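Inspection log for the structure reproduced underneath, given as structure tokens.
The basis for the numbers below is simple: all heavy atoms, side chains too, and nothing from hydrogens, waters or symmetry mates. Not measured: the values here are computed from a predicted model.
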Amino acid sequence: MSGHSTYVPSSAIGRWFESRLPIMGLMHSSFVAYPVPRNLNYWWTFGAILSFMLVAQIVTGIILVMHYTPHVDYAFNSIEHIMRDVNWGWMIRYAHANGASMFFVAVYIHMLRGLYYGSYKAPREVLWILGVIIYLLMMATGFMGYVLPWGQMSFWGATVITNLFSAIPLVGDAITTWLWGGYSVDNPTLNRFFSLHYLLPFMIAAVVGLHVWALHVVGQNNPAGVEVKNIERDTIPFTPYATLKDAFGLVLFLIFYSWFIFYTPNFLGHADNYIEANPLVTPAHIVPEWYYLPFYAILRAIPSKLGGVVAMFGAIAILAFLPWLDTSRVKSAAFRPVYKVFFWVFVMACLGLGYLGSQPPDGGYVIAARILTAYYFGFFIIIMPLLGLFEKTKPVPATIADAVLAKNGATASAH
Amino acid sequence: MVRTTKISLAVAALAGALSFSSIAMAADPHAAPTPDRQSWTFGGPFGKFDQAQLQRGFKVYREVCANCHSMSRVAIRTLADEGGPQFSDAQVKALAAEYKVKDGPNDSGEMFERAGRPSDKFPSPFANPEAARASLGAAPPDLSVIAKARSYSRGFPMFLLDAVIQYQEHGADYIYALLNGYTDANDPNWNAYFPGHKIGMAKPIDNGAVEYTDGSPATLQQYAKDVSAFLMWTAEPKLEERKKTGLRVMIFLLILAGLVYFTKKKVWANVQH
């Protein structure tokens with residue numbers, strides 16, 4: 001889709017450089033001339049928002065590292081040092097801590113948009129799988145980042161999650177000891193988590209590069225779910241159209257983000273993480289960050305430890321098989337009346353699992369989590385394959401241009 | 001027909017799941033009562049600390065809390081900071097000098113005691129948590145960030161709405177309730193608001209315990225209010241700066257949003273989309 005760039009630098013130096021390394025032409029064809037479907041809605045601005053969040057996390061993170069000490073005796077105090085003594089340290093730290101949450105808010109919207117409009121279907125399978133890999137890396141990065149302040153939830157969250165690996169038959173305990181660098185979560189664990197927390201974002205950046213590359217090969221999906229047939233009629237250049245739309249989406253997102261940084265910076269955290277880690281005192285309820293809660297609920301819904309761990313990782317892994325689980329030939333839920341209902345029930349099930357993940361695992365909560373877990377997997381394994389065979393879909397527009405005309409015609413006649 | 005059955009099945013499953021969870025939510029007999037929300041000057045988007053209140057709260061901390069509790073992450077000098085109790089530099093210097101600080105080793109390798117300096121952190125009443133435990137039975141928590149380290153459950157849907165109404169004073173409300181929660185005259189370790197009700201800290205303060213010089217009532221309620229506010233400040237010393245910056249950021253972003261929106265609208269005006 002990026003096609004041949006017609007970009008010619010205006011300066012002589014630019015032309016000299018371009019003939020040796022055509023990086024300006026690459027930028028031009030990727031972010032200026034790149035054709036985007038003209039019917040994209042604001043749900044498509046989350047790609048740009050996520051790119052911004054990745055950069056914001058890396059920049060704030062690098063600054064925090066200048067003042068942070070990864071040692072069990074100093075980590076908690078060094079965070080307080082950042083909050084009290086470092087110029088604007090409180091803002092950088094709150095931006096980074098809430099930035100992780102915003103990153104996940106944006107990625108969940110981005111993923112659900114893909115799920116709704118069938119963006120994982122051919123020819124975008126590789127693009128989608130790269131996205132699942134990014135999501136997995138984000139989960140690992142976020143988890144390790146939450147351990148660094150060395151509060152009670154840092155310590156006990158790390159203990160619970162690393163202990164999951166002990167469920168692996170035969171080698172589980174050895175793996176857990178190896179992960180910890182000892183016989184419990186301790187200084188070696190904190191040090192390696194810090195090291196990996198610094199490394200993984202750059203791996204994310206690399207996979208994001210592949211993700212964008214794959215996107216620019218196959219082109220964007222769109223609300224109509226039909227492929228671009230005629231570049232002239234169906235698309236518009238990325239700049240200024242998509243750039244400005246993305247910019248507006250991003251500014252609105254920044255308002256949302258700033259609300260958390262400046263007005264409710266600890267809302268998404270847990271009070272116990274302002275208590276320094278203490279291996280001798282277990283918190284009443286150990287809860288992970290909110291963005292893991294649905295998976296935490298799935299983990300605890302399964303009565304066996306190994307089964308729970310398999311289900312939890314399976315809940316993420318199954319996303320990679322989505323392109324082949326969905327048998328429908330229609331991409332967009334706009335033309336799939338039954339899928340649309342199951343989709344929204346799925347969204348509610350995920351929210352429900354999130355709530356249950358934050359509650360103690362007893363009685364009715366576990367039963368509810370089991371029902372919702374069954375729906376979570378049933379949605380992918382049963383509903384998606386069958387729906388494609390039985391669902392009566394609405395007529396799909398022949399081209400993107402037709403979809404736009406139909407929509408605008410309808411609005412015009414309604415007036 | 002098949003389709004509607006499927007949908008209603010899905011909806012029924014979801015409804016079932018949610019009703020199970022509401023049964024589980026019903027009652028927990030051991031739950032402590034929920035602290036009442038107090039009105040704080042530092043709440044809301046324009047919140048600011050009440051300087052006189054912080055100074056009174058500091059007095060309560062110094063004369064009562066500091067006998068057992070450390071506050072080792074707070075530097076004495078910050079008492080003079082903007083957005084805090086804002087004692088004068090001379091007052092802070094004199095105040096710091098009243099503390100004895102262990103320093104060293106000196107040139108001959110000895111540890112020694114010296115008068116405190118504003119740059120010191122508040123000295124702890126015990127050499128280490130073990131010493132505190134040996135003397136008191138349990139190590140009292142450090143107070144530096146206690147107002148952010150304590151909270152209480154607001155339940156659904158209030159826990160979601162708190163982000164919208166900017167309710168962030170759970171910790172201060174809890175501390176206030178706790179200090180007023182010693183309601184069993186026969187048991188100084190019974191507290192209405194402490195989870196499980198048996199608290200290691202016996203009733204620490206009562207009416208008249210601290211002398212106020214600004215005419216504020218020398219009552220338990222007033223002490224509790226003042227010291228809770230003070231502890232909110234020690235936990236979040238940059239609160240005023242944060243909210244002030246937030247307002248500027250919001251105004252900037254709203255104007256930017258308007259400009260970008262109209263630019264986008266103009267650019268897209270000639271495009272069918």
Side-chain angles (χ1 to χ4, degrees), chain A residues 38-40 77 80 83-85 90-91 94 236 240-241 244-245 247-248 251-252 254-255 258-268 271-276 284 337-338 341-342 345 348-349 352 355-356 359 362-365 367-369 371-372 374-375 383 390-392 401 404-405 408, chain B residues 2-3 6-7 10-11 13-14 16-26 44-45 72-75 78 141-142 144-151 156 162-163 166-168 170-171 195 235-238 241-243 245-247 249-250 253-254 256-257 260-261 263-264 267-268 271-273:
Chain A
R38 57 172 66 227
N39 60 340
L40 297 186
N77 283 335
E80 281 309 308
M83 294 297 287
R84 292 162 194 276
D85 302 328
W90 60 269
M91 189 171 82
Y94 278 153
I236 42 177
Y241 298 102
L244 273 168
K245 200 162 181 167
F248 182 57
V251 175
L252 293 187
L254 285 178
I255 292 173
S258 300
W259 181 281
F260 284 94
I261 299 175
F262 295 103
Y263 295 123
T264 60
N266 295 305
F267 173 78
L268 295 163
D272 276 7
N273 229 26
Y274 278 107
I275 304 171
E276 190 169 9
V338 185
V341 175
F342 282 111
V345 176
M348 285 188 283
Y355 177 72
L356 295 169
Q359 298 301 315
D362 33 51
Y365 290 128
I367 299 168
I371 295 170
L372 295 184
Y375 184 82
I383 295 171
F390 297 114
E391 187 179 29
K392 206 165 164 248
V404 169
L405 286 177
N408 291 354
Chain B
V2 175
R3 179 199 294 172
K6 263 190 214 155
I7 297 172
V11 173
L14 190 78
L18 292 178
S19 65
F20 270 120
S21 53
S22 58
I23 294 166
M25 270 188 288
S72 59
R73 289 163 188 124
V74 181
T78 57
D142 184 90
S144 310
V145 282
I146 199 87
K148 290 197 291 193
R150 293 293 181 272
S151 190
F156 181 83
D162 282 347
Q166 297 187 6
Y167 176 47
Q168 285 277 285
H170 305 70
E236 191 74 0
K238 303 298 166 78
E241 190 185 357
R242 167 161 65 76
K243 293 186 175 184
T245 312
L247 184 66
V249 168
M250 285 296 175
L253 285 177
L254 285 170
L256 182 64
V260 176
Y261 174 73
T263 314
K264 183 250 159 198
V267 167
W268 280 75
V271 178
Q272 289 263 17
H273 62 283

Counting only heavy atoms closer than 4.5 Å, note whether A:L268 contacts chain B via side chain, backbone, both or neither.
-> neither
Apply ring-ring contact (aromatic ring centres under 6.0 Å, His included) to A:Y241 and list each qualifying residue two or more places apart in sequence or on a separate chain.
-> B:W268
Please answer whether the main-chain N or O of A:P240 pairs with a side-chain N or O of A:K245 as donor and acceptor at a distance below 3.5 Å.
-> no
Side chain, backbone, both or neither: which part of A:I236 has a non-hydrogen atom closer than 4.5 Å to chain B?
-> side chain
Spell out, as yes or no, whether a donor-acceptor pair under 3.5 Å connects the side chain of B:K264 to the backbone of A:F248.
-> no
Sub-3.5 Å donor-acceptor pair from the side chain of B:D162 to the main-chain atoms of B:Q168, do we have one?
-> no
Determine the option with the most heavy-atom pairs under 4.5 angstrom with chain B, choosing from A:A374, A:A247, A:P265, A:S258.
-> A:P265
Residue, of B:G171, B:A257, B:A235, B:A163, that accumulates the most heavy atom pairs under 4.5 Å with chain A | B:A163
Interface moiety of B:V249 toward chain A, non-hydrogen atoms closer than 4.5 Å | side chain
For A:W90 and B:E241, which heavy atoms make the closest approach, and how far apart are they?
-> NE1-OE1, 3.5 Å
Among the options B:L254, B:T78, B:V145, pick out the one with the most heavy-atom pairs lying under 4.5 Å from chain A.
-> B:V145
Taking every heavy-atom pair that is under 4.5 Å apart, which of A:I275, A:I255, A:I261 has the most such pairs with chain B?
-> A:I255
Given B:G44, B:G246, B:A75, the one with more heavy-atom pairs under 4.5 angstrom with chain A than any other is B:G246
For the pair A:W259 and A:Y263, name the ring-plane relationship: parallel under 30°, tilted 30 to 60°, perpendicular over 60°.
-> perpendicular
B:T245, B:L256, B:L247: which one forms the most heavy-atom pairs within less than 4.5 Å of chain A?
-> B:T245
Set of side-chain hydrogen bond (donor to acceptor under 3.5 Å, both in side chains) partners for B:R242, sequence neighbours left out | B:E236
Check each atom of B:P45 against the heavy atoms of chain A and say whether the ones under 4.5 Å are side chain, backbone, both or neither.
-> both
